[in-house]
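Here is the structure we will look at.
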There are 2 protein chains.
Amino acid sequence: MPMRKDTAMRKVVERQTGVALWRQIADRIRLAISNGDYDATGMVPPETVLAGEFGVNRHTVRSALAALAEEGLVRAVQGRGTMIERKERVSYPISKRTRFSQGLGHQVKEIGTQLLGHAELPATSEVAKALGLSPGDPVTELRTVSSGDGRPLSVSSSYYPAHRFPRMAEEFERLHSVTKAFAAHGLDDYVRVSTEIVARHADAEELSMLKLSPGAIVLEAQSLNADLDGRPVEYSRSRFAADRMKLKIET
Amino acid sequence: MPMRKDTAMRKVVERQTGVALWRQIADRIRLAISNGDYDATGMVPPETVLAGEFGVNRHTVRSALAALAEEGLVRAVQGRGTMIERKERVSYPISKRTRFSQGLGHQVKEIGTQLLGHAELPATSEVAKALGLSPGDPVTELRTVSSGDGRPLSVSSSYYPAHRFPRMAEEFERLHSVTKAFAAHGLDDYVRVSTEIVARHADAEELSMLKLSPGAIVLEAQSLNADLDGRPVEYSRSRFAADRMKLKIET
DNA sequence: TATAGTTGTCTAGATCAATAGACATTTGAG
DNA sequence: CTCAAATGTCTATTGATCTAGACAACTATA
């Protein structure tokens, strides 16, 4: 029983949409890798096969694979084929007691959180609304980048009421932990109240901080933490490199 | 005090990345609209101004605006300018008791859930693992599209253990509600156990079902619901059009 | 050690994306 | 009514992307 291999198996890419074919194909192959479609061999199919599946020239497939090699996802070896170097997404848990480093601990060896900068500034209307302050009230902003195994995973801007937590920046710099910096101000426990998640294309700053290429996606989580009396203590906007992370919600 | 308007204000777009400039610009303007940056006038800045900000030719900006007009986001009027027609994202709540239509009720006037098809099939390893079955055990699959105010918001594939809920497809078709279809099988209550969220580029099927253009983003939520004894009753993969939705997590 | 199968490199041409400039058409304000 | 400001349309040109084909270089295996 012969099987139609041409049109029936063809993976569709669309033309004239502002996204180059090689980039569409790179996105599809990246997805296939992360889905485990090529786990049997640990290799991407040969360029000629991919070109046939997508209905494009082999050179177009080569451009796509070159982009994935640039990302460190695959490595081409002349004569052998193109091997998969990396496939997993790191899972980031979101629950009542989300603490960044805890949840990731067993998934990546090296976790680094780097403080990019801090400032004391008047709350914007967005931040004031979230923290239950009046616009213009002073808040401390911490800007951080977190990475796992050397790759940046997220950039965050976090805001704290400056009146209640006057030494937030110094304590964080000293202790390298938000939880410990809260403890230094006499706050021993806090819980996550709500999280809103949107996905969008990365802007220029995110592209550079997360080492992404244009067209890449970020998952933005806007989260609010409060003390056990329900008073907001932290509002943060974290942006995750979507191709490296998933968010796991635990209820 | 003069202010440098050229380089200081320039919004960066990157070239030769496989994403056409007009599409990068369309994405940035869409984001600015949803952020409310243009709320003061209700209009997008003039084409010549945008061209200056992005450092591109006016025709390139026109291509971007044409794409946004195609999406129904803006409408250009000769002689006046380009008006914003629509800006909001619909918020989709995720909590212990997420029910699709309830949470959206006050945000969109018309909610429609359309059954695309159903089938009884052997569980794949992914579905079996989630539902606590053995691979190959029979499951009922329901494939649906949901829309709000005429625009598609999500496509879902949901899986139910066929032994326990033998008439799932018929009951859903009759009652137009998963909750009621469960009730018809004697299950009165169920809760969400976990949700995993990833963001990625839409594949060809999603582009067509959600009426998106290539390069668009979907938020995929893989969720598991269980009865009050903790036995899994539903596993579903919902894919949301990311530019129309946000997910709100309530703990 | 051949040989099939794979990636690497080069050339040439066709199609799409972006720039540049000129001018028409419509709207709203003075 | 006139004019400035905005979008609409057209032509021409350049640079990026995609196709096509040929062949080189390398790897594993029979």
Side-chain angles (χ1 to χ4, degrees), chain A residues 5-6 10-29 38 40-70 73-85 213-215, chain B residues 6 10-29 38 40-70 72-85 213-215:
Chain A
K5 274 222 170 182
D6 48 3
R10 179 155 294 168
K11 295 169 179 167
V12 184
V13 284
E14 308 198 13
R15 290 158 196 262
Q16 292 172 348
T17 59
V19 182
L21 293 180
W22 63 263
R23 180 152 283 285
Q24 294 183 52
I25 291 168
D27 292 338
R28 297 279 295 274
I29 296 174
Y38 305 140
T41 59
M43 301 184 77
V44 172
E47 294 169 353
T48 49
V49 173
L50 289 170
E53 284 180 354
F54 287 109
V56 301
N57 192 274
R58 178 176 154 234
H59 294 297
T60 308
V61 169
R62 281 181 61 74
S63 299
L65 291 175
L68 296 178
E70 182 73 21
L73 213 63
V74 300
R75 184 166 49 90
V77 176
Q78 189 171 12
R80 285 183 65 192
T82 303
M83 278 154 292
I84 295 169
E85 294 280 276
S213 40
Chain B
D6 47 3
R10 179 154 294 166
K11 293 169 182 167
V12 183
V13 283
E14 308 199 11
R15 291 156 195 262
Q16 293 171 351
T17 59
V19 183
L21 293 180
W22 64 264
R23 179 154 284 285
Q24 293 184 51
I25 291 168
D27 292 338
R28 297 280 294 272
I29 295 174
Y38 305 138
T41 59
M43 301 183 77
V44 171
E47 295 168 352
T48 49
V49 173
L50 290 171
E53 284 180 354
F54 288 108
V56 301
N57 192 273
R58 178 178 155 232
H59 294 296
T60 308
V61 169
R62 282 180 61 73
S63 299
L65 291 174
L68 296 176
E70 183 73 22
L73 213 62
V74 300
R75 184 167 48 90
V77 178
Q78 190 170 11
R80 284 181 64 192
T82 303
M83 279 154 292
I84 294 168
E85 294 282 275
S213 38

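Each chain gets a letter, A, B and so on, in the order the sequences are listed, and its residues count up from 1.
To the nearest angstrom, P of dT7(D) lies 13 Å from CG of L68(B). Spacing between atom CE of M43(B) and atom C1' of dG28(C) amounts to 11 Å, rounded to whole angstrom units. In this structure, the CZ atom of R75(B) is 14 Å from the C1' atom of dT26(C), given to the nearest Å. When rounded to the nearest whole Å, the span between CZ of R23(B) and P of dT17(D) equals 16 Å. Between the CG atom of L65(B) and the C1' atom of dA6(D) there is a distance of 12 Å, rounded to whole Å. Residue L21(A) contributes atom CG, which lies 19 Å from atom P of dA14(C) at whole-angstrom precision. Counting to the nearest Å, the C1' atom of dC18(D) and the CD1 atom of I25(A) are 10 Å from each other. Distance Q24(B) CD to dA17(C) P: 13 Å, rounded to the nearest Å.
Note on T82(B): a side-chain N or O is less than 4.0 Å away from OP1 or OP2 of dT7(D). T60(A) has a side-chain polar atom (N or O) that falls below the 4.0 Å cut-off from OP1 or OP2 of dT19(D).
With sequence neighbours excluded, the residues that form a side chain to side chain contact (heavy atoms under 4.5 Å, CB included) with T60(A) are L21(A), W22(A), I25(A), V56(A), N57(A). The side-chain hydrogen bond (donor to acceptor under 3.5 Å, both in side chains) test applied to E85(B) returns R75(B), not counting sequence neighbours. Under the rule for a side-chain hydrogen bond (donor to acceptor under 3.5 Å, both in side chains), the partners of R58(B) that lie at least two apart in sequence or sit in another chain are E47(B).
Of the candidate nucleotides dT9(D), dG8(C), dA6(D), dT9(D) has the atom nearest to the side chain of R62(B). Here the nucleotide nearest the side chain of W22(A), chosen from dT7(D), dC18(D), dA18(C), is dC18(D).
For the helix from dT1(C)-dA30(D) to dG30(C)-dC1(D), the axis fitted to the five pairs at one end and the axis fitted to the five pairs at the other end meet at an angle of 30° (nearest 10 degrees).
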Check nucleotides 10-13 of chain D for protein N or O atoms closer than 3.5 Å to its own N or O atoms and list the pairs.
{"unit_1": "dC10(D)", "atom_1": "N4", "unit_2": "H59(B)", "atom_2": "NE2", "d": "3.4"}

Identify the pairs formed between an N or O of the protein and an N or O of nucleotides 24-28 of chain D at a distance under 3.5 Å, and give each distance.
{"unit_1": "dA25(D)", "atom_1": "N3", "unit_2": "Q78(A)", "atom_2": "NE2", "d": "3.1"}
{"unit_1": "dA28(D)", "atom_1": "OP1", "unit_2": "R80(A)", "atom_2": "NE", "d": "3.2"}

